[in-house]
Structures are given as structure tokens and as C-alpha cells.
Q: 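Sending over a structure as C-alpha cells; questions will come in a sec.
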Amino acid sequence: MAKYLLNDAVSLPETAFELSEHLGFSLTKPAMWAWYEMAGSVLSHYVVDQQARLTGLFNWFYNDLGFCVRDNYFSVEAADLSYCVLKRQGNSTTLSILLILLAKQLDITLEAILLPGNTVLRSQLNDVVKYYDPLTGKELNRHQLHALVRGEMGNAAKLKPSHLKPATLKRLISRMLHELKAGCIVNQKFESAMECCNLLLQWHPDDVHLNRERAFIAQQLGCIKVAMSDLQHFIDLSPHDPVIELVKIQLKELSQHTEVYH
């Protein structure tokens with residue numbers, strides 16, 4: 001694959017569409033034309049009252065346009081913004097991104113909250129903060145937000161203030177890439193998964209867990225030396241990680257393999 005350099009001057013939806021094409025999933029132009037059509041159509045739902053405007057946006061998005069959660073939730077398609085805008089199906093992150101962009105067309109600020117395993121939406125209208133489930137458009141209370149965190153991290157997990165901090169654009173696109181990577185692994189598209197890891201490491205070079213993930217992917221591709229290098233990097237920089245002994249065993253096993261060249 002050609003090198004696609006991420007930088008801090010990213011924008012939505014352009015960057016997400018370009019990443020999709022770069023990874024070999026969807027073409028940029030059809031997705032952009034579909035987006036332009038939606039961005040123009042949503043303006044007809046502009047009303048004076050902001051809360052009524054947001055309610056109208058949700059009704060139009062889910063009921064009139066038919067956007068919904070994709071059945072195969074952990075697939076590449078669910079995590080691909082281009083697929084989402086074209087087929088009107090997605091996961092919590094891709095649906096959130098579209099709603100954030102459409103709300104902006106209506107002069108409403110929606111923000112993404114990256115809970116563990118789920119992306120939710122936050123609005124603050126007339127000094128009232130509300131949270132919404134992007135899969136349905138329904139409002140979420142703090143108990144429901146806490147339930148989402150516990151469902152991902154265990155019943156003892158607490159809902160921390162850091163969980164409810166709005167995401168930067170960089171963090172939001174990073175989550176999308178993580179979810180694309182996970183979908184690639186599930187679908188055994190290991191070359192695309194490897195490229196997702198490479199792109200993420202451009203932005204997060206100190207995240208050694210990405211090196212460990214890339215080691216697994218490299219092993220599936222038969223690139224044993226690459227896998228060994230990433231595992232050694234993880235061991236060197238995370239000597240006290242709870243999984244360090246397991247990683248050492250993995251590295252020892254890989255050292256007994258022969259490199260397969262592609």
C-alpha cells in the first residue's frame with residue numbers, strides 16, 4: 001500500500017473518506033457526493049429553537065433517512081464512514097461522526113464522548129448538558145452511561161469525569177481507525193489491519209500496545225522478524241506490564257520460526 005501520512009491538519013469527513021479509499025474499502029468520490037446531498041438537505045430542518053432543531057435532526061436522520069446500526073456491528077463496513085454514508089448503516093462512532101457534521105450544518109454543537117467500547121453524543125443547549133445514543137438518537141442518563149462503562153470494563157468500573165470529556169478530532173479518527181483495524185482482523189484482512197496499525201503509530205508512537213497488536217498481525221502475514229521486533233520493543237518499554245511474561249513466551253516461540261517473505 002502507498003504510504004498515507006496522517007498529520008494534525010485533518011478534517012471530517014474528508015480524512016475519513018480518504019482513509020477508507022487508502023485502505024481499499026470504499027471510493028472517496030461517491031461518499032463525498034452522498035455527503036454533499038445530505039449536508040444540503042438537512043438545512044430544510046432549521047428552526048429557531050435549538051432543542052427542537054436537534055430533535056428534528058434526529059427524527060430526519062433515523063426515521064426519514066433510515067440510518068441504523070449495522071447488524072454485523074464489528075465488521076469493517078460498520079466502522080467505515082464511507083460505507084455508513086452510502087448504505088446508511090454504521091456503528092456508534094461512524095453514526096456519531098455523521099450526526100456531528102449534520103448538526104454543525106444546523107449551527108448546533110454535538111461532541112463525541114469516547115466511552116470504553118462505545119461512542120456517545122453530548123449536547124449543551126441553553127446550559128443544559130444531555131447525552132444521546134448515536135445508534136438510536138435516544139437520550140441517555142448517567143445511570144445508562146455508567147452501565148455502558150460497566151458492560152465494557154466490569155461491574156466494579158466507575159463512571160469517571162475523564163470518561164465524559166469530549167474527544168478531539170484526532171482521538172475520534174484514531175478510534176475509527178482502531179475499529180477499522182479490529183474489523184480487518186475479524187475478517188482476516190491482515191494487510192489492511194497492518195496499515196491501520198502503521199497509521200495509528202504515526203500519531204501515537206509511544207503506544208507500545210499498538211506494537212504488540214502489530215506483532216500479532218505481522219505473525220499472521222508470516223513476517224516473523226517484524227513481529228519479533230515489535231514484541232521486543234514492547235518488552236523493552238513496558239517491563240512491568242501485567243502481560244509481559246506472556247509476551248516473552250510469544251517472542252521465544254517466534255524466534256524458533258523461519259521468516260516468510262512476501
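Because only heavy atoms are used, hydrogens play no part in the values below, and waters and symmetry mates are left out as well, while side chains stay in. Quick caveat, the model's predicted, so the values are computed rather than measured.
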Q: A side-chain contact here means heavy atoms from C-beta on lying under 4.5 Å apart; do Ile244 and Pro239 qualify?
A: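 Heavy-atom side-chain distance check fails, nothing below 4.5 Å.
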
Q: Decide whether Leu99 and Leu148 are clustered together by the hydrophobic rule: side chain heavy atoms of Ile, Leu, Val, Met, Phe, Trp, Tyr closer than 4.5 Å, transitively.
A: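 Different clusters: Leu99 never reaches Leu148 through Ile, Leu, Val, Met, Phe, Trp or Tyr contacts under 4.5 Å.
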
Q: Is it the case that the side chain of Ser255 and the backbone of Lys252 share a donor-acceptor pair, with hydrogens and angles ignored and the cut-off at 3.5 Å?
A: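 Side chain of Ser255 to backbone of Lys252, a donor-acceptor pair under 3.5 Å: yes, one is there.
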
Q: Walk me through whether Ile173 and Leu12 qualify under side-chain contact (heavy atoms from CB on, under 4.5 Å).
A: CA-CA 9 Å; Ile173 294 180; Leu12 284 173; 4.2 Å; yes

Q: Is there side-chain contact between Leu177 and Leu23, with at least one heavy-atom pair below 4.5 Å?
A: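 Yes, side chains in contact.
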
Q: Would Leu101 end up clustered with Tyr46 when hydrophobic side chains under 4.5 Å apart are linked, directly or stepwise?
A: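 Leu101 and Tyr46: one cluster.
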
Q: Going from OG on Ser174 to CD on Gln202, what distance comes out if it is rounded to the nearest 0.5 angstrom?
A: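 Here the rounded value is 11.0 Å.
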
Q: Listing request: all salt bridge (charged side-chain N to carboxylate O under 4.0 Å, His left out) pairs with a residue in residues 130-157, at least two apart in sequence or in separate chains.
A: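 Of all non-adjacent pairs touching residues 130-157, none passes salt bridge (charged side-chain N to carboxylate O under 4.0 Å, His left out).
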
Q: Could you please spell out the steps behind the side-chain contact (heavy atoms from CB on, under 4.5 Å) verdict for Met176 and Leu19?
A: CA-CA 10 Å; Met176 188 192 72; Leu19 282 170; 4.0 Å; yes

Q: On a heavy-atom basis, which atom in Leu115 and which in Val120 lie closest, and how many Å separate them?
A: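 Result for this residue pair: CD1-CG1, 4.1 Å.
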
Q: With a 3.5 Å distance limit and no angle check, can you tell me whether Glu21 reaches the backbone of Glu18 through a side-chain donor-acceptor pair?
A: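 Judged by distance alone, no pair lies under 3.5 Å.
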
Q: What distance do Glu14 atom CD and Thr28 atom OG1 have between them, rounded to the nearest 0.5 Å?
A: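 With rounding to 0.5 Å, CD (Glu14) is 10.0 Å from OG1 (Thr28).
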
Q: Apply the hydrophobic cluster definition, ILVMFWY joined by side-chain contacts under 4.5 Å directly or through others, and give me every member besides Val48.
A: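 Hydrophobic cluster check, Val48: no partners found.
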
Q: Tell me which pairs pass ring-ring contact (aromatic ring centres under 6.0 Å, His included) where either residue lies in residues 158-191, with sequence neighbours left out.
A: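 Of all non-adjacent pairs touching residues 158-191, none passes ring-ring contact (aromatic ring centres under 6.0 Å, His included).
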
Q: Who pairs with Lys158 by side-chain contact (heavy atoms from CB on, under 4.5 Å), at least two apart in sequence or on another chain?
A: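 Lys158 satisfies side-chain contact (heavy atoms from CB on, under 4.5 Å) with no residue once adjacent residues are dropped.
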
Q: Flag the pair Lys170 / His204 as yes when at least one side-chain heavy-atom distance between them is below 4.5 Å, and no otherwise.
A: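 They are in contact (side-chain heavy atoms under 4.5 Å apart), so the answer is yes.
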
Q: Taking Leu140 as the starting point, is it possible to reach Ile97 by hopping between hydrophobic residues whose side chains are less than 4.5 Å apart?
A: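 No: no chain of side-chain contacts under 4.5 Å links Ile97 to Leu140.
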
Q: If you define the side chain from C-beta out and look only at heavy atoms, does anything of Ile113 sit under 4.5 Å from Lys165?
A: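 No, their side chains stay 4.5 Å or more apart.
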
Q: Does one hydrophobic cluster hold both Val128 and Leu145, with members joined at side-chain heavy-atom distances below 4.5 Å?
A: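 Each belongs to a different hydrophobic cluster.
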
Q: Please enumerate all residues that pass ring pair (Phe, Tyr, Trp, His ring centres under 6.0 Å) together with Trp35, with sequence neighbours excluded.
A: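 With sequence neighbours excluded, Trp35 shows a ring pair (Phe, Tyr, Trp, His ring centres under 6.0 Å) to no residue whatsoever.
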
Q: Between Ser192 and Phe25, is any pair of side-chain heavy atoms under 4.5 Å apart?
A: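 A side-chain contact exists here, since the closest heavy-atom pair is under 4.5 Å.
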
Q: One pair to check against side-chain contact (heavy atoms from CB on, under 4.5 Å): Val10 and Trp203. What are the steps and the verdict?
A: CA-CA 12 Å; Val10 294; Trp203 268 0; 3.6 Å; yes

Q: If you round to the nearest 0.5 Å, how far is OG1 of Thr109 from NZ of Lys104?
A: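 So the NZ of Lys104 and the OG1 of Thr109 are separated by 9.0 Å.
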
Q: Would you name the heavy atoms of Arg53 and His45 that are closest together and state the gap between them?
A: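 That closest heavy-atom pairing would be CG-O, 3.8 Å.
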
Q: Measure across Leu106 and Leu43 and return the closest heavy-atom pair with its distance rounded to 0.1 Å.
A: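 Heavy atoms only, the tightest pair is CD2-CA, 4.1 Å.
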
Q: Can you name the side-chain contact (heavy atoms from CB on, under 4.5 Å) partners of Ala182, sequence neighbours left out?
A: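 With neighbours one apart ignored, the set is empty.
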
Q: If you draw a 6.0 Å radius around CG in Asn126, do more than 12 non-hydrogen atoms from other residues or ligands fall strictly inside?
A: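 No, not enclosed.
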
Q: Name every donor-acceptor pair, under 3.5 Å, that has one atom in a side chain of residues 230-238 and the other anywhere in the protein, sequence neighbours excluded.
A:
| residue | atom | partner | partner atom | Å |
| --- | --- | --- | --- | --- |
| Asp230 | OD1 | Asn211 | ND2 | 2.9 |
| Asp230 | OD1 | Arg214 | NH2 | 2.9 |
| Asp230 | OD2 | Arg214 | NE | 2.7 |
| Gln232 | NE2 | Asp236 | OD1 | 2.9 |

Q: Less than 4.5 Å apart, any side-chain heavy atom of Gln250 and any of Arg212?
A: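 Gln250 vs Arg212: side chains touch.
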
Q: Let me confirm one number: the CG-OG distance from Leu102 to Ser41, rounded to the nearest 0.5 Å.
A: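 So the CG of Leu102 and the OG of Ser41 are separated by 9.5 Å.
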
Q: Could you verify whether a donor N or O on one side chain and an acceptor N or O on the other, from Asn91 and Glu179, lie under 3.5 Å apart?
A: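 Judged by distance alone, the side chains do pair up.
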
Q: Do any pairs count as a ring-ring contact (aromatic ring centres under 6.0 Å, His included) and have a residue in residues 106-146, sequence neighbours left out, and if so which ones?
A: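 Those involving residues 106-146 are Phe58-Tyr132.
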
Q: Kindly state whether the ring of Phe67 and the ring of Phe61 have centres lying under 6.0 angstrom apart.
A: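 Yes, close enough.
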
Q: Can you measure from CG (Leu251) to OG (Ser229) and round to the nearest 0.5 angstrom?
A: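 Between Leu251 CG and Ser229 OG, I get 10.0 Å after rounding to 0.5 Å.
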
Q: Do Leu121 and Leu164 belong together in a cluster built from hydrophobic side chains that touch within less than 4.5 Å?
A: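 Each belongs to a different hydrophobic cluster.
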
Q: For Asn59, which residues count as a side-chain hydrogen bond (donor to acceptor under 3.5 Å, both in side chains) partner, sequence neighbours excluded?
A: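 Listed in chain order: Asn63.
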
Q: As an exercise, state the distance from CG of Leu110 to CG of Leu98, rounded to the nearest 0.5 Å.
A: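 Interatomic distance, Leu110 CG to Leu98 CG, rounded to 0.5 Å: 12.0 Å.
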
Q: Within the 4.5 Å heavy-atom criterion, are Val129 and Ser123 side-chain neighbours or not?
A: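 They are not in contact (no side-chain heavy atoms under 4.5 Å apart), so the answer is no.
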
Q: One pair to check against side-chain contact (heavy atoms from CB on, under 4.5 Å): Lys181 and Ile185. What are the steps and the verdict?
A: CA-CA 6 Å; Lys181 168 173 56 64; Ile185 292 173; 4.2 Å; yes

Q: Under 4.5 Å between any side-chain heavy atoms of Glu195 and Leu199, yes or no?
A: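 When only atoms from C-beta onward are counted, Leu199 and Glu195 do touch, with a gap below 4.5 Å.
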
Q: Looking only at heavy atoms, which two atoms of Asn118 and Arg175 are closest? And how far apart?
A: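 The pair with the smallest heavy-atom distance is O-NH1, 2.9 Å.
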
Q: Of the non-hydrogen atoms in Leu169 and Ser11, which two are nearest, and what is the gap between them?
A: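 In this case the closest contact between Leu169 and Ser11 is CD2-CA, 4.1 Å.
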
Q: Judged by atom type as modelled, is there a donor-acceptor pair below 3.5 Å linking the side chain of Gln220 to the main-chain atoms of Phe216?
A: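 Such a contact is found between Gln220 side chain and Phe216 backbone.
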
Q: Using distance only, find each side-chain donor-acceptor pair of residues 68-85 under 3.5 Å and give its atom names and separation, not counting sequence neighbours.
A:
| residue | atom | partner | partner atom | Å |
| --- | --- | --- | --- | --- |
| Arg70 | NE | Ser75 | OG | 3.4 |
| Arg70 | NH1 | Tyr83 | OH | 3.0 |
| Arg70 | NH1 | Gln89 | OE1 | 3.0 |
| Tyr73 | OH | Ser92 | N | 3.1 |
| Tyr73 | OH | Ser92 | OG | 3.1 |
| Ser75 | OG | Asn72 | O | 2.7 |
| Ser75 | OG | Glu77 | OE1 | 3.4 |
| Ser75 | OG | Ala78 | N | 3.3 |
| Asp80 | OD1 | Ser20 | OG | 2.9 |
| Asp80 | OD1 | Ser82 | N | 3.0 |
| Asp80 | OD2 | Ser20 | OG | 3.0 |
| Asp80 | OD2 | Ser26 | OG | 2.8 |

Q: Quick check: closest heavy atoms across Leu86 and Pro30, and the distance to 0.1 Å?
A: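 Looks like CD2-O, 3.6 Å.
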
Q: What residues, two or more places apart in sequence or in another chain, satisfy side-chain contact (heavy atoms from CB on, under 4.5 Å) together with Thr55?
A: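 Partners of Thr55 under the side-chain contact (heavy atoms from CB on, under 4.5 Å) test: Gln51.
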
Q: Show me the pairs that pass salt bridge (charged side-chain N to carboxylate O under 4.0 Å, His left out) and involve residues 108-118, at least two apart or across chains.
A: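 Listed once each, the pairs are Glu111-Arg122.
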
